[in-house]
Amino acid sequence: MDMSPVTGIPGVFELTPVSGSTPLTRVGAFSEEEKKANGTLFDSFLNAAIDNIKTTNSYFSDAEDEKIKFAMGETDNSHDLSIALQKASAALQYTVAIRDRLLDAYKEIMQMQI
């Protein structure tokens, strides 16, 4: 079972441990070469969002597979089922939170007067 974390969207701040050298780091900050190679910054954000949605879908697929295995009696380990369901739930909550923030930002931009 894959236990990798859900990846963050580039440009989101992440706290580092107190013993770290800097209190705040930027996750996924792009260099100028990466911006030129990948196109625009918006393109990079869009690709990262699409990758997160694909990850969320894979977690839901894994959870469905675990449900089917448990229901068919192929496994007696309810722990794997519980972990898969929690990962899918957390990924969905993260995706919905990002969607809500993006929609709020879009609405704010649309209400700006020029």
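Side chains included, hydrogens not; waters and symmetry mates left out as well; all remaining heavy atoms used. Residue indices begin at 1 and follow the sequence shown.
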Task: Sequence neighbours excluded - side-chain hydrogen bond (donor to acceptor under 3.5 Å, both in side chains) pairs with any residue from residues 95-114 - done: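 Output for this query lists Thr56-Thr95.
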Task: Check: Gln86 main-chain N/O paired with Ser89 side-chain donor or acceptor under 3.5 Å - done: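 No, because the side chain of Ser89 does not come within donor-acceptor range (under 3.5 Å) of the backbone of Gln86.
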Task: ILVMFWY network linking Leu102 to Tyr94, side-chain heavy atoms under 4.5 angstrom - done: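 The answer is yes; both residues are in one hydrophobic cluster.
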First locate atom [atom1] of [X], then atom [atom2] of [Y], and finally report the distance between them rounded to the nearest 0.5 Å.
X: Leu85; Y: Glu64; atom1: CG; atom2: CD; value: 8.5 Å
X: Thr55; Y: Ile50; atom1: OG1; atom2: CD1; value: 12.0 Å
X: Ile53; Y: Ser58; atom1: CD1; atom2: OG; value: 12.0 Å

Open item on the list: Please give the remaining members of the hydrophobic cluster of Met72, linking ILVMFWY side chains under 4.5 Å, ordered by chain and number.
Closed with: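 Under the 4.5 Å side-chain rule, Met72 groups with Ile68.
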TODO: Could you identify which residues cluster with Leu103, counting Ile, Leu, Val, Met, Phe, Trp and Tyr as linked when any side-chain heavy atoms lie under 4.5 Å apart, either directly or through a chain of such contacts?
DONE: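 Members alongside Leu103: none; it stands by itself.
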Task: Heavy-atom check, side chain of Leu81 versus side chain of Lys67, under 4.5 Å - done: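 Side chain of Leu81 against side chain of Lys67, heavy atoms only: contact under 4.5 Å found.
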- [ ] For residues Tyr59 and Leu92, determine if any side-chain heavy atom of one lies less than 4.5 Å from a side-chain heavy atom of the other.
- [x]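 In short, these two side chains do not touch, never coming nearer than 4.5 Å.
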Task: Closest contact, heavy atoms only, Asp80 versus Glu66 - done: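 Closest pair (atom of Asp80, atom of Glu66, distance): CB-OE1, 3.6 Å.
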Open item on the list: If you compare all heavy atoms of Thr75 against all heavy atoms of Phe70, which two are closest, and at what distance to 0.1 Å?
Closed with: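 Between these two residues, the closest heavy atoms are O-CD1, 3.7 Å.
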